[in-house]
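Here's the structure we're looking at; comments come further down.
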Amino acid sequence: MRRILVTGAAGQIGSELVPALRERYGESNVVATDIRRAEGGLVESGPFELLDCTDGHALDDAVRRHRVDTIYHLAALLSATAERDPRLAYDINMGGLVAVLEVARAHGCAVFTPSSIAAFGPTTPPDPTPQDTIQRPTTIYGVTKVAGELLCDYYHLRFGVDTRGVRYPGLISHVALPGGGTTDYAVDIFYHALESGRYACFLAEDTQLDMMYMPDAVRAAIEVMEADPVRLRHRNAFNITAMQLTPGRLAAEIRKHLPDFTIEYVVDPVRQAIAESWPRRIDDTAAREEWGWAPRYGLEAMTVDMLTQLAKKLGRSLAPAR
Ligand SMILES: NC(=O)c1ccc[n+]([C@@H]2O[C@H](COP(=O)([O-])OP(=O)(O)OC[C@H]3O[C@@H](n4cnc5c(N)ncnc54)[C@H](O)[C@@H]3O)[C@@H](O)[C@H]2O)c1
């Protein structure tokens with residue numbers, strides 16, 4: 001049985017990963033931590049502590065007190081937020097990871113760290129993007145993700161720390177709102193479709209990026225940490241994907257359920273430039289071969305579930321507004 005500590009647990013991924021980990025490993029065996037107080041389920045269903053992941057002493061203390069053997073390190077600033085304050089993003093993304101890896105080295109913990117499609121850049125082959133390829137990102141977020149991948153591999157090679165990670169694509173979910181990424185439109189669009197029937201999208205209609213529904217993302221985080229290490233030729237970090245979306249394609253799918261839904265494009269040059277520096281489709285063959293990765297949700301199934309869950313949450317009807 002694992003004893004797990006999650007950093008950045010109140011965010012978009014943590015809000016769904018923590019309940020899944022608690023269901024699998026036992027409620028009291030999963031300590032959720034964040035720099036801000038979490039709401040609802042996270043605090044009610046098991047231990048929660050305020051913790052700044054860049055504070056190595058506090059992290060060390062929490063790992064000791066709870067006899068933690070596995071750290072899921074989710075705390076980070078995401079792409080669009082990071083671009084507004086690159087120095088802060090560097091301090092949190094790199095400072096947090098170094099603190100986590102040092103504590104893991106001292107206490108023999110395994111570490112899961114999510115990387116991102118942002119670890120690629122404009123000189124990366126965009127379609128398909130191989131597992132091992134050029135990584136010269138042009139965002140501060142991407143710089144911290146590549147450096148983080150290398151640091152995690154280094155701690156594995158040099159100190160034997162069991163570090164593993166995945167390169168998440170844009171994540172679509174209905175529990176917590178996204179934290180300021182370039183793919184947030186794919187979540188916002190559902191709220192606006194149900195609430196007003198209209199959406200002004202900050203990316204251009206044909207901007208194609210990899211995406212994944214949160215239940216698949218949560219399962220990937222658990223499965224890669226449970227994978228047989230003997231089979232792993234890669235560690236930090238595995239390409240994984242579930243679908244390739246453009247705003248136009250997603251709007252058309254939503255319109256199958258809400259025929260009056262309309263979308264316009266009010267492009268934000270900063271986020272459009274970030275999106276254009278990322279792959280159009282990543283190749284996740286290595287994850288499939290080395291630990292059996294396979295997504296369960298494509299565009300149709302994800303759209304039905306998002307609309308159903310959000311309609312319930314917002315108290316809206318799925319019948320088209322007339
Ligand atoms: N959501 C996505 O689409 C996506 C895609 C690729 C990779 N990722 C990666 O997954 C991880 C989690 O992402 P998310 O979407 O849940 O992000 P999020 O922004 O929703 O949540 C991050 C959490 O980290 C917390 N945090 C910030 N600074 C902290 C600090 N110093 N100490 C402790 N906590 C701190 C925030 O309060 C927040 O709750 C990140 O590493 C992110 O880069 C996310």
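Numbers for residues simply follow the sequence, beginning at 1. FYI, side chains are in, hydrogens and waters are out, and symmetry mates aren't considered; it's all heavy atoms of this structure. One-based numbering, in listed order, for ligands and for the atoms of each. Here the structure is a predicted model, which means the values were calculated and not measured.
- For the 3.5 Å distance criterion, the side chains of D60 and H107 qualify, holding a donor opposite an acceptor.
- Taken to the nearest 0.5 Å, the OH atom of Y168 stands 6.5 Å off from the CG atom of L171.
- Listed by first then second residue, pairs satisfying side-chain hydrogen bond (donor to acceptor under 3.5 Å, both in side chains) with a partner in residues 156-166 read Y154-R158, H156-R235, D162-R164, D162-R235, T163-N236, not counting sequence neighbours.
- Using modelled atom types and a 3.5 Å distance limit, the side chains of T303 and E253 yield no donor-acceptor pair.
- Taking the charged nitrogens against the carboxylate oxygens, R24 and E226 do have a contact shorter than 4.0 Å, which makes a salt bridge.
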Tabulate distances under 3.5 Å between N/O atoms of ligand 1 and N/O atoms of the protein, writing both atom names on each line.
residue, atom, partner, partner atom, Å
ligand 1, 1 (N), Q12, OE1, 2.8
ligand 1, 3 (O), L171, N, 3.1
ligand 1, 16 (O), Q12, N, 3.2
ligand 1, 16 (O), I13, N, 2.9
ligand 1, 20 (O), Q12, N, 2.8
ligand 1, 31 (N), D52, OD1, 3.0
ligand 1, 32 (N), C53, N, 2.9
ligand 1, 34 (N), I35, N, 3.4
ligand 1, 37 (O), D34, OD1, 2.7
ligand 1, 37 (O), R36, NE, 3.0
ligand 1, 39 (O), G11, N, 3.3
ligand 1, 39 (O), D34, OD2, 2.7
ligand 1, 39 (O), R36, NE, 3.1
ligand 1, 39 (O), R36, NH2, 2.9
ligand 1, 41 (O), K145, NZ, 2.9
ligand 1, 43 (O), Y141, OH, 2.5
ligand 1, 43 (O), K145, NZ, 3.0

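- Considering D91, D85, N93, T144 in turn, N93 is the only one that fulfils the side chain to side chain contact (heavy atoms under 4.5 Å, CB included) rule with L77.
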